[in-house]
Amino acid sequence: MHVIRLYLVRHGHVNYFDAAQQPINPKYAPLSAQGEQQIQILAEHLHAIQMDQIYSSTMPRSIQTAEILASTQKLKTIQSYGEIREIKSGRLKDIPVDQAELIIKQAYSPKKYVLDRFLQGESWGDFETRVITWFEQMLLKQHQLPQHQSQELVLQNHQSKAQLKPQHILVSAHDAVNRIVLNWVQGLKNHDVQVHEQNYGCLNIVDFYLEDQRIVESRILLQNFTAHNILKINESENALDQVYNI
């Protein structure tokens, strides 16, 4: 049995609006100073674990987050993939005022409120497919990699059957991406994701068990842990509540 431990991180705080309260294109929004500090604190915790692979999306805030986390790692190489970029929204100014509360505040409950697209942008079905497909392929690729130092074969109970040492994989991703992954791990594909809160700079840890080129089991060990704010003080709103309020 091959165990892969996934360290799934949401990027740090981002200012999605400028000083004049005008929306910034989220495709290019960088981490704020607050966001950089959040991830630096997390990096200090993760220093005890040396990663075998580090991945990010192709969005600046995800890459920045991965770079800060990699700064305390022996491995500095970051591999970026567009498949795990955040779900794409439509333009806020195109959302009718009389529908804004429903479309924005309930965006993470698409099934309950019959919202096929995220803020009138990308469809949830397409988003879920691209995210889960990438994670499945990434995990199976690790399972198929040639043996190296972090995957040495070790004998269990002096038997001939060998087992791979666990791999440690870090993925710097996004709010909705992480929610979809957590749903998938729990067997909840094609379900709403509102229950899986993902605060800025949070860490999730999931163990995947692979055998015969397939994932046979998964376990969530930690969810939405914020090293910079362990007790979740002033964390009662999610990102969409904040967007709606602004």
Side-chain angles (χ1 to χ4, degrees), residues 4-16 23-32 34-36 38-40 42-43 46 51-73 75-90 107-108 117-119 121-142 167-185 189 193 196-206 208 223-226 238-240 242-243:
I4 298 177
R5 178 159 290 184
L6 172 67
Y7 297 82
L8 180 62
V9 176
R10 184 190 177 193
H11 61 78
H13 179 269
V14 172
N15 289 318
Y16 291 110
I24 297 171
N25 188 333
K27 184 177 179 180
Y28 305 109
L31 295 183
S32 66
Q34 178 185 353
E36 292 177 356
Q38 290 170 345
I39 301 304
Q40 187 60 57
L42 178 59
L46 289 178
M51 302 299 169
D52 296 297
Q53 302 285 347
I54 301 177
Y55 297 102
S56 77
S57 82
T58 53
M59 305 182 92
R61 58 189 183 274
S62 174
I63 295 172
Q64 283 181 279
T65 296
E67 289 174 341
I68 295 172
L69 295 173
S71 68
T72 62
Q73 297 285 315
L75 176 67
K76 305 298 182 184
T77 303
I78 298 167
Q79 302 176 61
S80 299
Y81 290 86
E83 292 90 336
I84 53 172
R85 67 189 184 279
E86 183 61 294
I87 189 169
K88 185 177 180 180
S89 69
Y108 285 148
R117 297 182 177 275
F118 177 72
L119 304 187
E122 186 174 6
S123 80
W124 278 101
D126 291 346
F127 174 65
E128 182 177 65
T129 297
R130 71 168 165 87
V131 169
I132 293 176
T133 298
W134 184 87
F135 273 89
E136 285 181 321
Q137 292 177 348
M138 181 272 290
L139 291 167
L140 290 175
K141 179 181 177 181
Q142 308 307 317
Q167 278 181 277
H168 301 282
I169 306 298
L170 174 63
V171 178
S172 167
H174 302 269
D175 187 4
V177 171
N178 293 5
R179 291 170 185 260
I180 286 290
V181 172
L182 292 167
N183 253 14
W184 167 54
V185 170
K189 289 176 66 175
V193 295
H196 296 302
E197 192 54 69
Q198 290 289 283
N199 299 131
Y200 286 119
C202 73
L203 170 67
N204 309 275
I205 302 178
V206 183
F208 291 91
Q223 186 167 339
N224 195 31
F225 170 75
T226 43
N238 66 29
L240 295 176
Q242 295 164 8
V243 169

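All residue numbers in this chain count up from 1 along the given sequence.
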What residues form a salt bridge (charged side-chain N to carboxylate O under 4.0 Å, His left out) with Arg5, not counting sequence neighbours?
->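 Arg5 satisfies salt bridge (charged side-chain N to carboxylate O under 4.0 Å, His left out) with Asp207 only.
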
By salt bridge (charged side-chain N to carboxylate O under 4.0 Å, His left out), Arg130 pairs with (sequence neighbours left out) Glu122

Under the ring pair (Phe, Tyr, Trp, His ring centres under 6.0 Å) test, residues paired with Phe135 that sit two or more places apart =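 In terms of ring pair (Phe, Tyr, Trp, His ring centres under 6.0 Å), with neighbours along the sequence ignored, Phe135 is linked to no residue.
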
At what distance, to the nearest 0.5 angstrom, does [atom1] of [X] lie from [atom2] of [Y]?
X: Ile78; Y: Tyr55; atom1: CD1; atom2: OH; result: 12.5 Å
X: Gln64; Y: Ser32; atom1: CD; atom2: OG; result: 9.5 Å
X: Ser89; Y: Lys27; atom1: OG; atom2: NZ; result: 12.0 Å
X: Met51; Y: Thr77; atom1: CE; atom2: OG1; result: 14.5 Å
X: Leu182; Y: Asn224; atom1: CG; atom2: CG; result: 9.0 Å
X: Ile87; Y: Glu128; atom1: CD1; atom2: CD; result: 10.0 Å

Identify the heavy atoms of [X] and [Y] that sit nearest to each other, and give their distance.
X: Ile4; Y: Gln142; result: CD1-CB, 3.5 Å
X: Ala173; Y: Val177; result: CB-CG1, 3.8 Å
X: Lys76; Y: Gln73; result: NZ-O, 2.7 Å
X: Thr65; Y: Gly12; result: OG1-N, 3.5 Å
X: Leu119; Y: Leu240; result: CD1-CD2, 4.5 Å
X: His11; Y: Ile39; result: C-CD1, 4.1 Å

Could you list all the side chain to side chain donor-acceptor pair (under 3.5 Å) pairs where at least one residue sits in residues 172-185, not counting sequence neighbours?
->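 Listed once each, the pairs are Ser57-His174, Ser62-Ser172, Tyr108-Asp175, Asp175-Arg179, Asn178-Gln198, Arg179-Glu197, Asn183-His196.
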
Within a strict 4.5 Å, meaning less than it, do heavy atoms of the [X] and [Y] side chains meet?
X: Val206; Y: Leu8; result: no
X: Arg117; Y: Ser123; result: yes
X: Leu203; Y: Leu42; result: yes
X: Val193; Y: Trp124; result: yes

For the pair [X] (side chain) and [Y] (backbone), establish whether a donor and an acceptor sit closer than 3.5 Å, ignoring hydrogens and angles.
X: Gln34; Y: His13; result: no
X: Asp52; Y: Ile169; result: no
X: Glu83; Y: Trp134; result: no

Is it true that atom NZ of Lys141 has more than 12 heavy atoms of other residues, nucleotides or ligands lying nearer than 6.0 Å?
->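 No, because the 6.0 Å sphere around NZ of Lys141 holds 12 heavy atoms or fewer from other groups.
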
Might you work through the side-chain contact (heavy atoms from CB on, under 4.5 Å) test for Ile54 and Leu69, ending with a clear yes or no?
-> CA-CA 9 Å; Ile54 301 177; Leu69 295 173; over 6 Å; no

Who passes side chain to side chain donor-acceptor pair (under 3.5 Å) against Tyr200, sequence neighbours left out?
->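 With sequence neighbours excluded, Tyr200 shows a side chain to side chain donor-acceptor pair (under 3.5 Å) to no residue whatsoever.
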
Side chain to side chain donor-acceptor pair (under 3.5 Å) partners for Asn238, two or more places apart | none

Can Met138 and Ile84 be said to form a side-chain contact (heavy atoms from CB on, under 4.5 Å), step by step?
-> CA-CA 11 Å; Met138 181 272 290; Ile84 53 172; over 6 Å; no

May I have the step-by-step check of side-chain contact (heavy atoms from CB on, under 4.5 Å) for Phe127 and Glu86, ending in yes or no?
-> CA-CA 9 Å; Phe127 174 65; Glu86 183 61 294; 4.0 Å; yes

Show your reasoning for whether side-chain contact (heavy atoms from CB on, under 4.5 Å) applies to Leu31 and Val14.
-> CA-CA 5 Å; Leu31 295 183; Val14 172; 4.0 Å; yes

